[in-house]
Number of protein chains: 2
Amino acid sequence: MEYVKELLKDTPLKATPQRLAILKEIYEAGHIDLESIYKNLSNSFPSMSLATVYKNIHTLKKYGVIKELAISGSKSKYEIAKQKPHHHLICKVCGSVIDIEIDTSFLKKQLKDLKDFEVTNCDIYCYGICSRCKNKTSG
Amino acid sequence: MEYVKELLKDTPLKATPQRLAILKEIYEAGHIDLESIYKNLSNSFPSMSLATVYKNIHTLKKYGVIKELAISGSKSKYEIAKQKPHHHLICKVCGSVIDIEIDTSFLKKQLKDLKDFEVTNCDIYCYGICSRCKNKTSG
DNA sequence: ATAATTGCAAATTTTTTGCAGGTTC
DNA sequence: GAACCTGCAAAAAATTTGCAATTAT
């Protein structure tokens, strides 16, 4: 619980048990959608209301504690924001998300000189099939 | 209208006036969200129902005629799928989307040898501020 | 003590569905 | 004429809101 509490230290947000439980869920899952957070917590935290999850996702995103991954064709997933810069592999079959480090110096080079747009950050989503699903299909 | 009709030729989809109007709207807008399609068409096509827009977006996406851009923090936008490969600049202020061609050879090189994932395609979303919004802010 | 947060229930918004009538190929 | 598509209205799902009671700092 201490790790997730740390995540709030630069924000005005209070460390309520509900909020910490939500953060812990995201932290442990790596990437998780809102409804799954709620369902998973319903066991360990029966009083948790869905509205609280919504409100927290909104607030945590607003303060940059978590980051939303908007995934084409399925629900958004959330991850802890403060991590080493990385991008994402997304399995088209099972929907799982895997972090990947990509050297983006080439990209920055290409974007630096745009004259009608000033880029601050890029998200790279790589779609394909994970080894687990691939083995199921071909095996 | 002929251009958008062409887009359906490799699919089993019928060229209804509603469907063509939706495609034309997406084609002309470049990138547009579902509700805007409906609202824009409500003038020129008063009988168009929202359910028809939903059903068409779903079907057109399924057959690869259009592509969904999942944008973190706002509604998905749709674009015509058959275009020269490109990626997207997204203005954080006004939400506008601009196509950009990026040389992704660097990326492919890095993704080719992953052993636990087989990448089929990548989407690059570059966030920042467009010149129009920048001029408003600083001017 | 103060301001923020929760949980609930209700309201709102978004998306899906079933079906009768009409249309495309 | 067969299969598909539309529009409507209703249903279902997702998200937001207001507020009284509670809790963190």
Side-chain angles (χ1 to χ4, degrees), chain A residues 1-2 4-26 32-63 65-66 68-78, chain B residues 1-2 4-26 32-63 65-66 68-78:
Chain A
M1 225 53 158
E2 280 314 303
V4 292
K5 212 165 181 172
E6 278 287 294
L7 298 172
L8 301 174
K9 76 167 191 292
D10 296 331
T11 75
L13 303 178
K14 291 180 177 176
T16 66
Q18 291 88 339
R19 180 165 290 152
L20 295 177
I22 290 167
L23 281 172
K24 184 159 169 278
E25 197 63 39
I26 298 172
I32 189 170
D33 65 272
L34 191 149
E35 202 188 335
S36 299
I37 294 171
Y38 175 64
K39 283 189 179 163
N40 292 355
L41 286 177
S42 293
N43 302 317
S44 56
F45 211 134
S47 71
M48 172 83 66
S49 89
L50 185 52
T52 295
V53 181
Y54 272 101
K55 286 170 182 168
N56 269 287
I57 289 295
H58 181 265
T59 310
L60 291 168
K61 199 168 68 166
K62 176 177 160 192
Y63 284 103
V65 179
I66 63 175
E68 177 184 359
L69 303 186
I71 301 171
S72 181
S74 64
K75 296 184 210 168
S76 285
K77 295 193 176 188
Y78 300 90
Chain B
M1 224 56 158
E2 280 314 303
V4 292
K5 212 165 180 173
E6 278 287 294
L7 297 172
L8 301 174
K9 76 166 189 293
D10 295 331
T11 76
L13 303 177
K14 292 179 177 175
T16 66
Q18 291 86 341
R19 181 164 289 154
L20 295 177
I22 290 167
L23 281 172
K24 184 159 170 278
E25 196 64 38
I26 298 172
I32 188 170
D33 65 272
L34 192 149
E35 202 188 335
S36 299
I37 294 171
Y38 175 64
K39 284 188 179 163
N40 292 354
L41 287 177
S42 293
N43 303 316
S44 56
F45 211 133
S47 70
M48 173 82 68
S49 88
L50 185 53
T52 294
V53 181
Y54 272 102
K55 286 169 182 170
N56 269 286
I57 289 296
H58 181 265
T59 310
L60 292 168
K61 199 168 70 167
K62 176 178 160 192
Y63 284 103
V65 179
I66 63 174
E68 178 183 358
L69 302 186
I71 301 170
S72 181
S74 64
K75 295 184 210 168
S76 285
K77 295 192 178 189
Y78 301 91

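Throughout, protein chains are lettered first and strands after them, A, B, ... in sequence-line order, and every chain is numbered starting at 1.
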TODO: Locate the shortest heavy-atom distance separating A/L8 from A/L23; write the atom from each residue and the value.
DONE: CD2-CD1, 3.9 Å
TODO: Check A/S72 against B/A70 and note the closest heavy-atom contact, atom names and distance.
DONE: N-CB, 3.5 Å
Got a list of side-chain donor-acceptor pairs under 3.5 Å for residues 15-22 of chain A, not counting sequence neighbours?
unit_1: A/T16; atom_1: OG1; unit_2: A/R19; atom_2: N; d: 3.1
unit_1: A/R19; atom_1: NE; unit_2: A/N56; atom_2: OD1; d: 2.6
unit_1: A/R19; atom_1: NH1; unit_2: A/K14; atom_2: O; d: 2.9
unit_1: A/R19; atom_1: NH2; unit_2: A/N56; atom_2: OD1; d: 3.2

- [ ] Answer with base, sugar-phosphate or nothing: what part of the nucleic acid does A/S47 contact at a heavy-atom distance below 4.0 Å?
- [x] sugar-phosphate
Task: Opening and closing nucleotides of DNA chain D in contact with chain A, under 4.0 Å to non-hydrogen atoms - done: D/dA14 to D/dT25
TODO: Measure the spacing between CG of A/L69 and CD1 of A/I32 and express it to the nearest 0.5 Å.
DONE: 12.0 Å
TODO: Please assess B/K77 against B/I71 for the test side-chain contact (heavy atoms from CB on, under 4.5 Å), listing each intermediate value before the final yes or no.
DONE: CA-CA 8 Å; B/K77 295 192 178 189; B/I71 301 170; 4.0 Å; yes
- [ ] Please state whether the phosphate of C/dT24, meaning OP1 or OP2, lies under 4.0 angstrom from any side-chain nitrogen or oxygen of B/T16.
- [x] no
Open item on the list: Could you measure the distance from the CD1 atom of B/I57 to the NZ atom of B/K55? Nearest 0.5 Å is fine.
Closed with: 14.0 Å
- [ ] Compare side-chain N and O positions of B/Q18 against OP1 and OP2 of C/dT23 and report whether any pair is under 4.0 Å apart.
- [x] no
- [ ] Mind listing the closest non-hydrogen atom pair of A/S76 and A/E68 along with its distance?
- [x] OG-OE2, 2.6 Å
Open item on the list: What's the separation between atom CD in A/E35 and atom CG in A/N40, rounded to the nearest 0.5 Å?
Closed with: 10.5 Å
Task: Contact summary for A/Y63 and A/T11, nearest pair of heavy atoms - done: CB-CG2, 4.0 Å
Open item on the list: Over the length of the helix from C/dA1-D/dT25 to C/dC25-D/dG1, how much do the five-pair end axes diverge, rounded to 10 degrees?
Closed with: 60°
Open item on the list: Quick check on contacts: within residues 38-45 of chain A, what sits under 4.0 Å from DNA chain C by heavy-atom distance?
Closed with: none
Open item on the list: Please report the distance, rounded to the nearest Å, between CG in A/N56 and C1' in C/dT5.
Closed with: 8 Å
TODO: To the nearest 0.5 Å, tell me how far A/L13 CG sits from A/T59 OG1.
DONE: 6.5 Å
Task: Heavy-atom pair of closest approach, residues A/L41 and A/M48 - done: CD1-CE, 3.6 Å
Open item on the list: Let me confirm one number: the CG-OH distance from A/L50 to A/Y54, rounded to the nearest 0.5 Å.
Closed with: 5.5 Å
Open item on the list: Using a 6.0 Å cut-off, check whether atom NZ of A/K61 has over 12 heavy atoms from anything other than its own residue.
Closed with: yes
TODO: Nearest 0.5 Å please: distance from the CD1 atom of B/I26 over to the CG atom of B/D33.
DONE: 10.5 Å
- [ ] For each nucleotide in nucleotides 12-17 of chain C, reading 5' to 3', give B when a protein heavy atom comes within less than 4.0 Å of its base, S when such contact involves only the sugar-phosphate, and - otherwise.
- [x] --SBBB
- [ ] Under 4.0 Å from any atom of DNA chain D, heavy atoms only: list the residues of residues 5-14 of chain B that qualify, in numerical order.
- [x] B/L13, B/K14
